Every structure is written in structure tokens, then in C-alpha cells.
Amino acid sequence: MPLFHRPLTRLFVVAIAIIFFLGLVSPAAAKVGQVSTWLGKLYTGDGGDANSATLDGPRGFDADSLCSLYVADTANHVIRKIDGGTNVITTFAGTGEYGLTNGANKSATFKLPSDIALGPNDELFVTDSDSTVLRRIFGGQVTTWLTGLLNPGAVVVDGMTLYVSDTGRNRILKGSTITKTATVLTANIKAPGKIAISGNSLYLVYNGGKSFGRIDLTSGVLTALKTDFVNADGLEVHGGLIYIVSGLHGVLNEIVTFDPATGAFTTIKSVYETEWYNHASDITFCGSSMRLLFSGGSSVFRAGEDGSSEVKIAGVTRWNDLDGPRLTARVGRPWLLTMSPDKQKLYVFANQHLKQINLKTNVLSSITGGQADNYVDGPAAVARVSGPTQMVLSPKGTAIYIADRNNNRLRVFDRKTNSMSTLTGAGNFNAFNGTKNAYAEGAPCATADLGVAGCAYFDRPMGLAISKDGKTLYVADSDNNRIRTVNIATGNTALLAGTGKAGLKNGAAKQAQFKRPVSLLLSSNGRILYVVEWGNHAVRTIDLITKKVATLVGNGQAGFRDGSFANSRLSLPNYLAYGPKNMLYLSEGGSLRIRVLNTATKQISTLTGGRKGSRNGAPSVASFSNPRQLLMLNSSTLLVADDGNDMIRAVSLK
């Protein structure tokens, strides 16, 4: 009898085939471009107390009659349920993968769900903010309820009628919970957000959270009631009042009531941010008990009717952070990666934290920083940064230099003294995007004032590189559109390239033009400084001997095209890393790809990626969510800080 026809042999072959199919055993070594998870996980906590779970930027929720909460866990792309009796959290719908597939709750996918409303039959209606549809969850199935929307931001149900903020189309729709139909209630509203119904009025925030108004449900006419809110977000009707939560970029969180009878606004709560009480995004009630959702804190609070006696009931950290063995550790918003000179430690900046991975023990631990960004020098335990965007190590690895973007300064963390100090920079700190600082060459100054003579000023510095001798830092001064140098010994600055005017102009360094340079890489011989630019969707070079600027790849227009440097296109390139021989690896935020630049043949190709998500596997299926800094772990593995997925991913190079 032939071997294959023997019953046991057939069973064995079938079993092995099934194992390979399920991915439990790899039939061969990983192929070039194959992606896997090296550290991290999308989210955690299911099956336990919600205070031990990780949420990620949740923007909307609703409560049922038993005070159970259904949460649009936005950046995790799932709907979570927090039991009103036990406080146990579970995933109610979604896999965590970014997508727009219907079907059974646990196999459906979502695209940044932003709001949720409970219907009359205990169904849930969900706005998928990165889509064109409104979804319905009922009977264990996810379906599409309305189409033709654009970035829908909010939904509310009143009896058998539902209302949707069709944010991207600047209108409010009126639909049905029974039939998949809707009509336009009011159009030409700038960016409508959260909505609430009271009697014959629909209340809403709009105009980027600056305005609050009322729409008459009979006439559809909008009346503005307040136009000076800052980041107004959640709305709820309770006890005849309209409750509004708002805050200045999470710095100040307020609960404001509006009395329709008198037209009076009353601030009942005003709290400066904490780690979790940060950027309120929604509000609801269960009886007389208030529930507050915080997108900045990734948390849920229970409070009294007046917002007092608040108690956190969900969220273990502001982001997905957990130190420990690499296989169980978590990193929230990993952005930066670098390696110690002895190759024994890998440093990562994740959510304002500087962390290290001991490559001998494979353990992740925190060094300095905190959940809330700030500007604090001093010992590691108290030091704080705000939006670090590139770091480099001194040749001996004893100093870590940091481009502290939102603090408009360059910082240095001393590994010997375990403390943080400011190397140079002055002016605004803890500044948000759009806040202008200044440009001036000069010396370090410990001042928050602008225009002080002799002081060095940056405007959102983002990129860093260090000279081979460790004496000079090169800085991409992003919003000043310049490349500058810093004398590490003195902190004094000098202009290397750029006029300050945004543009794409090559030639003599000080006559060249850049547009939002974001990262730097120095060539192995120390002569060529590579400049990655968001504004020009390009990679430029500065010859440090001839002081000439040239374009390596990109033409100022966003796009995607592989091929010759002259004809290829980039889209929001992020970081470069060395590859073997003449290769450079490039992460790209716009196309969500990892690309390869061959500087000898002047050709660019795609290594892996090309779609949004967190899927591992072959280059044709692998996906990323804002890949940031790259690092060669060894000759066969490229690490990617996958910012949006809270992961460090590994890409096979052999």
C-alpha cells in the first residue's frame, strides 16, 4: 500500500497542512518584507475590571438602563462594554483591526468609531469617523445603516428617529431606526460635532468645537447660542439643562450647563488636566450619576450630578504603557528608536516616556518622563518633555540629546547623573501646533520671553543628528524652515541652511529653501546630511564640505511612485535609517509604507506596507498606522515604531 494512502499518514499530512494554514508553525524562514509584532499589543484588559484596561482616545459613549456603558474606543477601532454592576470590561464589537467589514460582532471591523447611541430595541448606532457610513449593531451582527456620509462625527436617537452629524459634509441628517433612510435637516453648518435632543430642539457643537447652537426641528433653522467655546465636545440633556463638556487642548476641563428657559450658561466644574482627567469628549447620565469620557486621558469617570466627587472607573494608563518582559510589555504611541553604541540597549520614546529595552534580558523599563507632557528639568523621576521627535546619542552613549518639539528646545538626558537639562532654546514651552515661537541664533537662555537679545530661539524643532566627533548637533528647525547647528559644549547655535522662506530650492546652503523638515540622518562618513521634509514630500541632502543642497527624491507634491529617484513620489516621509551597503530605509506616513532607497542605482522600491491597519504577514498584506522611526536591530531585522498601533513591528530583511 502506498505510504500516502495509509490512514495515519493521511491524517498526519492533513494535520500539518492545517497547522501551516493557521500560522501555528512557519513552513520556512520569514521572507523579505514579512512583518511581525516585536513588542506591544493594540489594547488590553478584557474580562477584568475596567480600571485595569487600556482605552485609546475614546470619543463617544452611551449608557443603558442598567448603567452599563458602551464606549466607542476610537483609536482601538472597537466598541467596548463596561458592565454597570461589576465594572468588568469586554469588547462588544470589533477586532481592533482598522477596516469596514460587517458581520458577527467579534469579526467586524471599524474605522475610528467616534460616537455611539442606544436605540429603542437595544441596538447600537455607531459613527465610523474615518468612513462614509453609519453602522448598526443588533443581534450580534454589525451592518451598514446609512451610506453617503463623510466622516460622520456624532449620532443621537430620539424614539424611532435618529440624527447624525455628517461632519465632513457640514450638515445634520434626520433618519429612521426602522428604515435605512435619511434626509437633510440642516445644511451649511461648519463641522458639526456632538448633538443632543430636547423637545423640539436639537443642540449641537460645531465650528471645531468653538460654537454651540440650537436647531429647530420643525424649520431646520440654526440659532447660534455661544461662539467662544474652546474645544467643546460632549453634550447631554439632563434635568431640563444641556450639559456641555469642553477644554483647552485638555489643559482646562470644564462642565458647562445651558438653561433653555433663561438662556443662562453656568460653569459647574473647571479642572486643570491630570493624567486621566484630560480632554473631556463626552458626557452621559445614569439616574442622577454623571459619567464623563476623556479622550486625552483615555479614561471614564463617575461623578455626582454637579460633577463633584469624581471617581475613575476605567482606564489604567493614559496610553497603552506597561513595563516588563518584551513579550508582555506595552508601548503607547512609540515614535523614536535608537541603539546604544555597545548594542546592548535599545532606547524608545513612547508617550513622552524615555524607555529602554535591555537586549540581553529583553525587558522594557522606564527611564524618565511622564504620562502628561510638560517642561521640567531635573532628576529622572520629575523630568518632563513635550512631543519629542528625534533623539541621538553621544558617541559613548552617556548623553541622549532630544528635539523637544512642543517646548521649542533641545534637551539632554545624562545617563551618568540620571537627570535632564536644557541644552539650548528659549521662549514658549508646552506650546501647541500653530503657536509661533521665534527664530534667532544665539546662546542658551532660561527665559520664556520672546525677543530677548542674544538668545537662541527655535520654532518646533523636530530633527536631530550628531557629528561623528560628538561635538556638533544638526537640527531641523521645522517651522522656521531651516537647518541649524548647535555647539554641544556651549549650546550656541548657527545657521547651516535655509532662508526661512518655505520652498524647494537647491544650491548654496544659505540660499536654499526647505518646507517643514522633520528628521535628519548623517551619512556614515559624516559628510552628507539627509533631510526628510513633510512640506516638500522629499528627501534632500546637504554636503557639509561644499555647503550645497540637493534633492535626492521628491518634487514637492505628495504621491506614490516607485522607480528612479527623478520620477518617484513620496507622501509625508518620516524617518530614514541605514541599510546594508548603499541602502537607506524610509518610513512614510502618507502611503503607510516602508521604502528602500538605493543610493548607488538611484532607485526607490517598496519593502512592505501600503494600507492602514495592524496586520502582520507578507508585504502584500502587511499594514501600518503611522510608521515613525526605523532602526536596524541586526542584519536581518528592521524595527519600525508603529505609532498609531502602539507597537514596535519587525520587518524581515532576509
Side-chain angles (χ1 to χ4, degrees), residues 335-342 345-350 352-356 367-369 373 375-380 383-426 429 441-446 456-478 480 482-494 496 517-523 526 529-532 544 575-578 628-631 641:
W335 193 309
L336 306 180
L337 298 171
T338 194
M339 183 86 76
S340 63
D342 62 7
K345 297 182 181 66
L346 188 154
Y347 294 101
V348 54
F349 245 118
Q352 324 298 337
H353 275 111
L354 175 61
K355 296 172 176 284
Q356 75 171 22
I367 298 174
T368 191
D373 51 347
Y375 171 55
V376 181
D377 280 335
R384 296 292 183 269
V385 295
S386 182
T389 46
Q390 194 156 14
M391 62 177 168
V392 293
L393 273 63
S394 62
K396 293 184 179 180
T398 56
I400 302 173
Y401 299 99
I402 303 158
D404 196 0
R405 176 185 51 176
N406 298 337
N407 285 325
N408 294 304
R409 288 161 171 81
L410 304 185
R411 313 284 292 284
V412 56
F413 187 80
D414 191 315
R415 294 293 282 138
K416 290 183 177 179
T417 64
N418 215 30
S419 63
M420 182 84 73
S421 60
T422 297
L423 176 64
T424 192
F429 54 85
E441 305 297 352
C445 291
Y457 289 94
F458 296 86
D459 197 357
R460 296 177 71 78
M462 293 186 69
L464 277 187
I466 190 168
S467 62
K468 306 300 287 185
D469 61 10
K471 295 180 179 181
T472 303
L473 284 178
Y474 301 98
V475 185
D477 191 3
S478 185
N480 279 324
R482 291 175 169 94
I483 309 302
R484 301 165 67 181
T485 63
V486 178
N487 183 313
I488 290 176
T490 66
N492 292 342
T493 70
L496 174 63
V518 296
S519 70
L520 301 175
L521 180 71
L522 190 65
S523 65
L529 185 67
Y530 295 98
V531 181
V532 180
L544 298 177
Y575 291 88
L576 283 169
Y578 292 120
R628 297 289 190 177
Q629 193 155 17
L630 307 173
L631 177 73

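These numbers come from a predicted model, not from an experiment. Sequential numbering from 1 along the given sequence is applied to the chain's residues.
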Which heavy atom of [X] sits nearest a heavy atom of [Y], and at what distance?
X: Arg415; Y: Ile367; value: NH1-CG2, 3.7 Å
X: Thr424; Y: Ala443; value: OG1-C, 4.2 Å
X: Ala403; Y: Gly463; value: CB-N, 4.5 Å
X: Pro444; Y: Leu423; value: CG-O, 3.4 Å
X: Pro395; Y: Pro341; value: O-CG, 3.3 Å
X: Ala383; Y: Gly378; value: CB-O, 3.8 Å

With sequence neighbours excluded, residues passing side-chain contact (heavy atoms from CB on, under 4.5 Å) with [X]:
X: Ala465; value: Tyr474, Leu520, Leu522, Leu529
X: Thr338; value: Tyr347, Met391, Leu393
X: Thr398; value: Ser394, Lys396, Lys416

Just how far is it from atom [atom1] of [X] to atom [atom2] of [Y], taken to the nearest 0.5 Å?
X: Cys445; Y: Arg409; atom1: SG; atom2: CZ; result: 10.0 Å
X: Ile400; Y: Leu354; atom1: CD1; atom2: CG; result: 5.0 Å
X: Arg405; Y: Asp373; atom1: CZ; atom2: CG; result: 9.5 Å
X: Arg384; Y: His353; atom1: CZ; atom2: NE2; result: 6.5 Å
X: Ser340; Y: Leu346; atom1: OG; atom2: CG; result: 8.0 Å
X: Leu630; Y: Ser519; atom1: CG; atom2: OG; result: 9.5 Å

Which residues satisfy the ring pair (Phe, Tyr, Trp, His ring centres under 6.0 Å) test with Tyr530, sequence neighbours excluded?
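So Tyr530 forms no ring pair (Phe, Tyr, Trp, His ring centres under 6.0 Å) with any residue.
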What residues, two or more places apart in sequence or in another chain, satisfy side chain to side chain donor-acceptor pair (under 3.5 Å) together with [X]?
X: Asn406; value: Ser386, Arg460
X: Thr472; value: none
X: Tyr575; value: Trp335
X: Thr368; value: none

Residue list, salt bridge (charged side-chain N to carboxylate O under 4.0 Å, His left out) with [X], at least two apart or on another chain:
X: Asp459; answer: Lys436
X: Asp414; answer: none
X: Arg411; answer: Asp377, Asp404

Are Leu336 and Val348 close enough that some pair of their side-chain heavy atoms sits under 4.5 Å apart?
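Answer no - side chains too far apart.
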Counting C-beta onward and ignoring hydrogens, is there a side-chain heavy-atom pair between Leu521 and Val532 closer than 4.5 Å?
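Not in contact.
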Return all side-chain donor-acceptor pairs below 3.5 angstrom for residues 482-491, not counting sequence neighbours, or 'none' if the list is empty.
| residue | atom | partner | partner atom | Å |
| --- | --- | --- | --- | --- |
| Arg482 | NH1 | Asn480 | O | 3.4 |
| Arg482 | NH2 | Thr499 | O | 3.0 |
| Arg484 | NE | Glu441 | OE1 | 3.2 |
| Arg484 | NE | Glu441 | OE2 | 3.2 |
| Arg484 | NH1 | Tyr457 | O | 2.7 |
| Arg484 | NH1 | Asp477 | OD2 | 2.7 |
| Arg484 | NH2 | Ala440 | O | 2.8 |
| Arg484 | NH2 | Glu441 | OE1 | 3.0 |
| Arg484 | NH2 | Tyr457 | O | 3.4 |
| Arg484 | NH2 | Thr493 | OG1 | 3.4 |
| Thr485 | OG1 | Ala494 | O | 3.4 |
| Asn487 | OD1 | Ala489 | N | 2.9 |
| Asn487 | OD1 | Thr490 | N | 3.2 |
| Thr490 | OG1 | Asn492 | N | 3.1 |
| Thr490 | OG1 | Asn492 | ND2 | 3.4 |

Go through the steps for Thr389 and Val518 under the test side chain to side chain contact (heavy atoms under 4.5 Å, CB included), then give the verdict.
CA-CA 8 Å; Thr389 46; Val518 296; over 6 Å; no
Test item: [X] side-chain N/O and [Y] main-chain N/O as donor-acceptor pair under 3.5 Å:
X: Gln352; Y: Gly369; result: no
X: Gln629; Y: Leu337; result: yes
X: Ser419; Y: Ala380; result: no

